[in-house]
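Only one structure is covered here, and it is reproduced in the block below.
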Protein chains: 2
Amino acid sequence: MEEPHCKFETVLEILVGKWKPIVLFHLFSNGTMRFSELQKAIPDITKKMLTQQLRELEYHDIVHRKIYHQIPPKVEYSITEHGKGMSTVLQAMNDWGMSHLNHLNELYGEERSVESFEGRLDEVTGS
Amino acid sequence: MEEPHCKFETVLEILVGKWKPIVLFHLFSNGTMRFSELQKAIPDITKKMLTQQLRELEYHDIVHRKIYHQIPPKVEYSITEHGKGMSTVLQAMNDWGMSHLNHLNELYGEERSVESFEGRLDEVTGS
DNA sequence: CATATAGGTATCTTTTAGTATACTAGGTAT
DNA sequence: ATACCTAGTATACTAAAAGATACCTATATG
């Protein structure tokens, strides 16, 4: 009973954060990117958040940070070997996620989306 | 480029919430549980949070809510058929999560844990 | 008549996550 | 001398998530 050994929370911990999924998406897609390239690819992110999310991914050894000691600075980010091992999990999540979206569309209709989730909650609540 | 079609965020949306993993863990393990049984199984959760997390899972058709019209009330929660389809994803997350924890232990030593993650961030930051 | 019961809701406070904006370093181009 | 560049940091603020606590419902029991 004590501590549930169901540790999918570990994966959640890596992925949680408003910008982590999209940061990972770009790094997985493009291989290696500079800080400024990531910024351009994700226009609404602030430097602070981009730095923060990258640091957390770096802590988990998902992302590698390569510093070129130049002026002006150059820093490149890429997925580590360990991080690449995560891709099957992400793929599994992605695949099931897609089918889940279809399922939700069947339940609630095409017009709904993951984003417009708040408004629908009361429907289920008020029954 | 536009909208990344990498939709593992959908799965995140279902699972994110401080108590969702443990709620799911108990429901997957025990099959069917009353509200009060969940409360007992997760002592630190408040009624408010338990209700909220269950409602969100219900919205996503992961959890089913069966109401017995009695006084005092009786409500049973269980994993839906659709929800059961999620178990392979959760298993994949769980498995990779375990190996990731080992990896982190190799990197940072045995004493660290997922929980004591804050304190370690500066180590990676300050290099 | 007061109390307990189960499964909640309502309201308020605290904590955490995210945003906005200004500032920095150090070398190069004007 | 001044402005510009990149990859940040620092500080202050706002929004969202979670916690604490009180209350509600209708029946059955003492």
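Below, read A as the first sequence line, B as the second, and so on, with proteins coming before strands; counting in each chain starts at 1.
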- Item | Along DNA chain C (nearest heavy atom to each residue), the more 5'-positioned of A:Gln53 and B:Ser36 |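 Its nucleotide being nearer the 5' end, the pick is B:Ser36.
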- Is it true that a side-chain atom of B:Trp96 and a backbone atom of A:Gly85 form a donor plus acceptor pair closer than 3.5 Å?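 The answer is yes, because a donor-acceptor pair under 3.5 Å joins these two groups.
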Between [atom2] on [N] and [atom1] on [X], what's the gap in Å once rounded to a whole number?
X       : N      : atom1 : atom2 : result
B:Gln52 : C:dT11 : CD    : C1'   : 14 Å
A:Ile67 : D:dA7  : CD1   : P     : 11 Å
B:Lys74 : C:dG8  : NZ    : C1'   : 17 Å

- Item | For C:dT28, the Watson-Crick or wobble partner whose two distances fall under 3.5 Å |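 Base partner found: D:dA3.
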- When we call it a touch if two heavy atoms are under 4.0 Å apart, what does B:Met49 touch: a base, just sugar-phosphate, or nothing?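 Result for B:Met49 = sugar-phosphate.
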- Start at the 5' end of DNA chain D and walk down; is the nucleotide closest to A:Pro72 or to A:Thr51 reached first?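 Going by which nucleotide is closer to the 5' end, it is A:Pro72.
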- Item | Heavy-atom closest contact (B:Ser78 atom, B:Thr32 atom, distance) |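 Nearest heavy atoms, B:Ser78 then B:Thr32: CB-OG1, 3.7 Å.
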- Of all heavy-atom pairs between A:Tyr108 and B:Tyr59, which one has the smallest distance, and what is that distance?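 It is OH-O, 2.6 Å.
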- Message: For the residue pair A:His100 / B:His82, report whether a side-chain donor-acceptor contact shorter than 3.5 Å exists.
- Response: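 B:His82 vs A:His100: donor-acceptor pair found between side chains.
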- What residue among B:Arg65, B:Lys20, B:Lys18 forms salt bridge (Lys or Arg N to Asp or Glu O under 4.0 Å) with B:Glu56?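 Result for salt bridge (Lys or Arg N to Asp or Glu O under 4.0 Å) with B:Glu56: B:Lys20.
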Check the interface with nucleotides 28-30 of chain D: list each N/O to N/O pair with the protein under 3.5 Å, or write none.
none

[X] side chain, from C-beta outward: closest of [options]:
X       : options               : result
B:Arg34 : C:dG7, C:dG8, D:dG19  : C:dG7
A:Tyr77 : D:dG8, C:dG18, C:dG7  : D:dG8
A:Thr46 : C:dT19, C:dA6, D:dG19 : C:dT19

- Between C:dT16 and B:Lys18, is there an OP1 or OP2 to side-chain N/O distance shorter than 4.0 Å?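 Result: no.
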- Message: Does C:dG8 have its OP1 or OP2 closer than 4.0 Å to a side-chain nitrogen or oxygen of B:Arg55?
- Response: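 So the side chain of B:Arg55 is within the cut-off, an N or O lying under 4.0 Å from OP1 or OP2 of C:dG8.
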- Kindly state each residue pair satisfying salt bridge (Lys or Arg N to Asp or Glu O under 4.0 Å) with at least one member in residues 82-103 of chain A, sequence neighbours excluded.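 Qualifying pairs: A:Glu81-A:Lys84.
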- Query: Under a single-linkage definition using a 4.5 Å side-chain heavy-atom cutoff for Ile, Leu, Val, Met, Phe, Trp and Tyr, are A:Val16 and A:Met93 assigned to the same hydrophobic cluster?
  - Reply: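 In one cluster with A:Val16: A:Met93, yes.
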- Message: Nearest 0.5 Å, please: how far is CG in A:Leu101 from OG1 in B:Thr10?
- Response: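 So the OG1 of B:Thr10 and the CG of A:Leu101 are separated by 4.0 Å.
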- Side-chain donor/acceptor contact of B:Lys47 with base of C:dG7 under 3.5 Å: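 Such a pair exists between side chain and base.
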Identify all pairs in which a protein N or O lies below 3.5 Å from an N or O of nucleotides 10-13 of chain D, and state each distance.
none

